[in-house]
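Reviewing the structure listed below.
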Amino acid sequence: MKADNSYKKERLYNKAIKKAEEREKKGFYKRAALAYIEASKFLLKEHLEKHSICLAKAGCYYDEAGEYNLAKKAYQDALSIMENITPPNLRLISNTLNDLGVVVMNLGEYSESEGFYNQALTIRKKILGEKHPNTLQTLNNLSAAYYYQGEFDKAIKSAKAVLAEQKKIFNDDNLAIALTLYNLGNTYHANGDYKIAFDYAEKSLLIRKKLLPPQHELIAGALSILGNIYLSVNNIELAEKNHNEALNMLENLLGYEHPKLVVCLNSLGGIYRAQGNKQQAIDYYQRALSISKKTSGNEHPEVAMFLMNLGSIYADNNEIDTAEKCFQQALTIQEKKLDKDHPYIGMLFNNLGELYFSKGDNKKAEEYFSFARQILTKSLQSGHPYNKEIEKNYKNLQDKIARLEREKLEKRAALHKSERLAYLGQMATMMAHNINNPVGIIRMIASGGLGDLNDNLFNPETDLKPLLEKIILQTERLSVMMVNFRKFSRGNRKQLTAMNLNELIDDIFQLLFDAPYQIERIKMLKDFYEPAPLAHSNEFAIQEMLISLLSNAREAVKEQSIKNISIKTWRHEESVGFNIEDSGKGISAEQQPQLFTPFLSSKSEGMGLGLYFCREIVKDLGGSIEYYPAALGGAGFKITLPIQQEVGHGVSI
């Protein structure tokens, strides 16, 4: 009974194998893989080697069908069985490891594929020798893994070593040599050496055309590489011709949904983008993206590449938000799947930099351009086109930032000039009023003396000297006023020295505000800290702030029944400063967030620059200005300045 059962299983096994071979001949690769899986189920437990071979063949045909995940599982199942075969069939294990590396590489798991190739290479070197064609084949595959990981120098070195040995073994017209030439062409193209890349790719195509049928996927692959090189050197016509020929060939051989189509589709998208046919470019990119997602999942590095290309098209169309979404999705995939220094990540950072540059977000643009420069200069040779592009982009950004900074400084200077003129206008008005006092006194003294002289009441011996002394005193007072006015208008606002805040505030108040405050019955409350706080600051810059703040306070209280303004100086361990408060209405909650914004003013005749420049001035001095609701009921401003530190017998910061 047991023998009959074994015979029955063997018969079913042979039938499944025959079915698999028939499907294979017809090109029904997925169905052939399923038949090999079915055949493996009819094997007895002791037939471990046959079982593993069936699974390995299933993996091979799943690979041909583009079903890479199913192929990976079949190969892994085959390897798990091979581990139990005694003695181990090292040739079978190395073949399966090599083929598993190919499938895993197709899935975008490049580091994992490198591991499988290295395992296969170790075994093949041991059982076949370093120069056996199969050993060289694995080393060639390892070169491709290096290429996909962006290690172009290692990829070229490995492929050249393979080519040198292959030329000793084979005639020049050999498919193994053609594959190595193909890998070298691909890698040199990625490395930016287009002429060398073209020579290798063209030689590979000629060999394949000589040895293979006119319609073959290996010929399509060689055409595609040449098309990419033509595109890189801007020969759009030949690039389009090669890729269309390759795509038509692959569609006829493999159908319209096979993953091997995506390279051509992506390249044609780039060609149509270069021609300005943006919608057709989007269609090709979308088709490549759809096939890749269906075959390899949403996190394949190719998916990231197609998203990046789509993002570039959307950026061209000024669809900035959609472009940014595509780029960020691509970056998420790449950072999971690729090494942080992979050129593809550098290229994507460059694209993000360009996007933010176009949005005017210079800070983010500079951040991404910097990342791109770090990666691309590390992973690619200095003359590579990508490095030239990022350097050009980075320079454009720096030029733009420098230009904007110049424009900002020029605008600020113009605004500052206008505000200074406003300050001078205020001073001139106040000075005109203050000059009236000494001029009036001089007039009164002179008129009185003249009247006494006319009435013969003037005694030159006793009256002339006191009269002249009084006139001289008032003219000196006028002279001091004018000197201070000129000093203020022309003063150096950059030099920082030790400033006595109590004296500085008192001087500017006495010069400009004392008389008008008295006339308008404004009560000035002074609370000066002793010993006087010393600021490391600039006399004229602080005077500008005082004029602006005391003028604002005067405007705020002049219509109030209670007209109080206070100024208080203070000193802390690391800073000094002063507070100015008024009894006006204060600043509304709505206005407070924009309080220091240019051209915001509650005064009908004001330009709205006073508080803005107070902030700019104090920032230049290394300090700050803050608004707060004052205890007097109106507005309060706290000005903080760097303290002048005492050192030895002098002072310094």
- Task: Examine Tyr285 together with Phe306 and report whether their ring centres are nearer than 6.0 Å.
- Result: no
- Message: On a heavy-atom basis, which atom in Gly346 and which in Ala372 lie closest, and how many Å separate them?
- Response: O-CB, 3.4 Å
- Any salt bridge (charged side-chain N to carboxylate O under 4.0 Å, His left out) pairs touching residues 356-367, not counting sequence neighbours? Glu324-Lys359
- To the nearest 0.5 Å, how far apart are CE in Met545 and CD in Gln543? 10.5 Å
- Query: Should the heavy atoms of other residues, nucleotides or ligands under 6.0 Å from CG of Leu468 be counted, would the total exceed 12?
  - Reply: yes
- Note on the structure: So the salt bridge (charged side-chain N to carboxylate O under 4.0 Å, His left out) pairs with at least one residue in residues 621-634 (sequence neighbours excluded) are none
- Residue Phe357 excluded, over 12 heavy atoms near CZ under 6.0 Å: yes
Would you give me the side-chain donor-acceptor pairs under 3.5 Å for residues 520-535, sequence neighbours excluded?
unit_1: Glu520; atom_1: OE1; unit_2: Arg554; atom_2: NE; d: 3.0
unit_1: Glu520; atom_1: OE2; unit_2: Arg554; atom_2: NE; d: 3.2
unit_1: Glu520; atom_1: OE2; unit_2: Arg554; atom_2: NH2; d: 2.6
unit_1: Lys526; atom_1: NZ; unit_2: Asp506; atom_2: OD1; d: 2.5
unit_1: Glu530; atom_1: OE1; unit_2: Ala532; atom_2: N; d: 3.4
unit_1: Glu530; atom_1: OE2; unit_2: Asn502; atom_2: ND2; d: 3.4

- Compute the ring centroids of Phe369 and Tyr356, then answer whether they are less than 6.0 Å apart. no
- Query: Residues in side-chain hydrogen bond (donor to acceptor under 3.5 Å, both in side chains) with Lys278, at least two apart?
  - Reply: Asn317
- Query: What heavy-atom pair brings Ser292 and Val262 nearest, and what distance separates the two atoms?
  - Reply: N-CG1, 4.2 Å
- Message: Using the salt bridge (Lys or Arg N to Asp or Glu O under 4.0 Å) criterion, which residues pair with Glu581? Sequence neighbours excluded.
- Response: none
Please list every donor-acceptor pair under 3.5 Å in which a side-chain atom of residues 326-334 meets a protein atom from a residue at least two apart or in another chain.
unit_1: Thr332; atom_1: OG1; unit_2: Gln328; atom_2: O; d: 3.0

- To the nearest 0.5 Å, how far apart are CG in Asp582 and NZ in Lys563? 13.0 Å
- Item | Pairs touching residues 374-389 that satisfy salt bridge (charged side-chain N to carboxylate O under 4.0 Å, His left out), sequence neighbours left out | Asp341-Lys378
- Query: Quick one: does Asn387's side chain have a donor or acceptor within less than 3.5 Å of a partner on Gln381's backbone?
  - Reply: yes
- Message: Let's go through Asn298 and Val303 carefully: what are the C-alpha distance in whole Å and the side-chain angles of both, what is the deciding distance for side chain to side chain contact (heavy atoms under 4.5 Å, CB included) to 0.1 Å, and is it a yes or a no?
- Response: CA-CA 7 Å; Asn298 293 332; Val303 170; 5.5 Å; no
- Qualifying residues under side-chain hydrogen bond (donor to acceptor under 3.5 Å, both in side chains), relative to Glu354, sequence neighbours excluded: Asn393
- Message: Lys395: which residues meet the salt bridge (Lys or Arg N to Asp or Glu O under 4.0 Å) condition with it, sequence neighbours left out?
- Response: Asp399
- Return yes if some donor-acceptor pair links the side-chain N/O of His384 with the main-chain N/O of Ala190 below 3.5 Å, else return no. yes
- Item | By side-chain hydrogen bond (donor to acceptor under 3.5 Å, both in side chains) - contacts of Glu112 (at least two apart) | none
- Please confirm whether the backbone N or O of Ile562 pairs with a side-chain atom of Ser583, one donor and one acceptor, at under 3.5 Å? yes
- Measure the shortest side-chain to side-chain distance between Asn579 and Tyr628 over non-hydrogen atoms and say whether it is less than 4.5 angstrom. yes
- Task: Quick one: which residue pairs count as a side chain to side chain donor-acceptor pair (under 3.5 Å) with a foot in residues 299-308, not counting sequence neighbours?
- Result: Glu299-Lys336
- Task: Apply side-chain hydrogen bond (donor to acceptor under 3.5 Å, both in side chains) to Glu335 and list each qualifying residue two or more places apart in sequence or on a separate chain.
- Result: none
- In terms of ring plane angle, is the pair Phe513 and Tyr517 parallel, tilted or perpendicular, where the classes change at 30° and 60°? perpendicular
